[in-house]
Amino acid sequence: MTDRKPKAPGLPASPERRRFLLTGAAGGLASAGALAGTAAAAGNPENLPPNVADWSRYLGSGVDAQPYGVPSEHEAHVIRRNVPWLTATPESSVNFTPLHELDGFVTPNGLCFERHHGGVAEIDPADHRLMIHGLVEKPLLFTVADIKRFPQENRFHFLECAANGGMEWRGAQLNGVQYTHGMVHCVQYTGVPLKLLLQEAGLKTSGTWILAEGADSAGMSRSIPIEKALDDCLVAYSMNGERLRPEQGYPLRLVVPGWEGNMWVKWLRRIEVGDAAWYHREETSKYTDLLPDGRAYKFTWTMEAKSVITSPCPEMPMTDTGAHVIKGLAWSGNGRIKRVDVSLDGGKNWRTARLHGPVLPKCLTRFTLDWAWDGKPVLLQSRCIDETGYVQPEIAALQKVRGVNSIYHNHAIQTWLVNESGEVENVRLG
Ligand code: MTE
Ligand code: CO
C-alpha cells in the first residue's frame, strides 16, 4: 500500500468553480475533507495501545450532562451547509444535507436540508389550527391534538427539491456531493392519511384539486390533484420518532410521496378543495421546466429515478490504495429501486451493486460495491433502475429532451473523477 494523504477536494475545472472554491462556502467544503483526515492522522500516540488512553483514566460525565443528546465533538464538521452566493437572503434560501458523511438511508433530523421561502415559522402548537374547506360538506378546523386522534401511519419517504442538481444542467459546477445532490433527505414520517381528514370533512365529488397552504410568512401554497391527495399523502406530525423539527414544518406538514419537495407544504394551516378551474391558478403553474423552444413543461411532479455515489466524492477523497467500499444512494418517485450499477470507466462497463434493505417505495435505498483501488485514475458513475423499468439517463440524453434552460428535475448520471493522487473531482464527460 502506498502512503496517500488526503488533500482538499480536487481543483476546479472552470473559472466559475475556482471562484466558488475560493469563497466562504468552499472554505467549509475544503476543511470538511481535510480536517477529518488530519484529525485521524494527527492522533496522540500516548492514547494508542499498549498505553491506556486518556478517556479510560477518569469517570465520564453523568447521565444528565446532555438531556438532549448531540453528536461527538469530533463530528462537528458533519453539518448542513449553504452556498451564500446562491441566494440573496438566508430567509429565502436552501442548505444541503451532508450525504457523504451518512450511512444507511435515514437522514438524522438535524441534518435534513432546509428550503424556506420566508424563514422558519415559530409556531406554538396550542395556537395552531388546520382548516379544511371548499368543496366539502362541513368545513372543519382541527387542533394538532385532534389530528393525532386519527388512525396513524408510519412510512419512510425521501423528499427531494425539484432544484436538486439544478446548477449542474450545463456542466460540472459544484465540487462536492453535498452541493450537487444534497437537496434530498429521507426520514420516517408519522401522520394521518390526508384521505381520512378529507373524508371527515365530507369531500364532494366535484372536488378535483386541493390547495395546501403554509402558516409561514411566505404563506406558501401549492395545488395538488385530488387523486394524489387521496392516494398516499400524509399530514405528518413526527419525523424519525420525534415531533417535526421547526425547520421541517412543526407542528404539521404535508407529505407528498415521490413528488417534488415544493408540494410538501410545511407549517400546514389550510387545505381548500377546489374544482377543475384551479388548474389555472397561479400556484399550480410555478415550478415549470423551460424547454429549448421556450415552451414550459408543466406538471412535472414526480421525481424520477436517480442515484449518486456518496463516497468517494470530492469531500471524501481516496486516502489509500487497496480495499474500499464505494457507497451511494438511489431513489425513485415511481416506486422501489430494482437495481443499481456502478461503473469505474465512465459508463463503458458496469458492475451490479449490493442493495441494503429494506428497499422501500419512494424512499432512499443504500447501495455499496466492495472494490480494491489500484491507484489508477477512475471515472466513477452509478446508474439505477426502478421497478417500472425506468433507467436513470446520461446527462446528454436528458439534455436532448429537456435542453439546458431548466433548473429543475436533473436526475442524470453523475461522474466523479478519482485521479492518481486520490483526489475526486466533479467532471462532465463528452
Ligand atoms: N412549505 C412552506 N410553507 N414554505 C416553504 O418555503 N418550501 C418548499 C417545501 N415546503 C416551503 C414549504 C420546498 S421548495 C421544499 S424543497 C421543501 O419544503 C423542503 O423541505 P425541508 O425544508 O423539510 O427540506
Ligand atoms: Co424545493
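These values consider heavy atoms only, across backbone and side chains, with no hydrogens, waters or symmetry-generated copies. Order of listing sets the numbers, starting from 1, for every ligand and every atom in it.
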Close-contact set for ligand 1 against [X] heavy atoms, below 4.0 Å:
X      : result
His116 : 6 (O)
Cys161 : 16 (S)
Val265 : 1 (N), 10 (N)
Glu247 : 22 (O)
Leu159 : 20 (O)
His117 : 5 (C), 6 (O), 7 (N), 11 (C), 14 (S)

Do Arg383 and Trp350 form a cation-pi contact, if we require the NZ or CZ to be under 6.0 Å from the six-membered ring centre and within 45 degrees of the ring's axis? yes
Can Met183 be said to touch ligand 1, with heavy atoms closer than 4.0 Å? no
By side-chain contact (heavy atoms from CB on, under 4.5 Å), Cys233 pairs with (sequence neighbours left out) Leu194, Lys228, Val256
Contacts of Thr205 that satisfy side-chain contact (heavy atoms from CB on, under 4.5 Å) - sequence neighbours left out: none
Just checking, any donor-acceptor pair under 3.5 angstrom between side chains of [X] and [Y]?
X      : Y      : result
Asn109 : Asn240 : yes
Thr310 : Arg366 : yes
Tyr408 : Glu260 : no

Run through Leu344, Val325, Val342 and flag the one making a side chain to side chain contact (heavy atoms under 4.5 Å, CB included) with Trp371. Leu344
Name of the residue among Phe158, Trp259, Tyr189, Trp301 meeting ring pair (Phe, Tyr, Trp, His ring centres under 6.0 Å) with Trp264: Tyr189
Got an N/O contact under 3.5 Å between Asp216 and ligand 1? yes
Polar atom proximity, Glu114 to ligand 1 (N or O, under 3.5 Å): no
Please state which part of Trp264 comes within less than 4.0 Å of ligand 1, counting heavy atoms only: side chain, backbone, both or neither. backbone
Applying a heavy-atom cut-off of 4.0 Å, say which part of Val94 lies close to ligand 1: side chain, backbone, both or neither. neither
Among Arg253, Lys266, Met220, the residue with a heavy atom nearest to atom 23 (O) of ligand 1 is Arg253
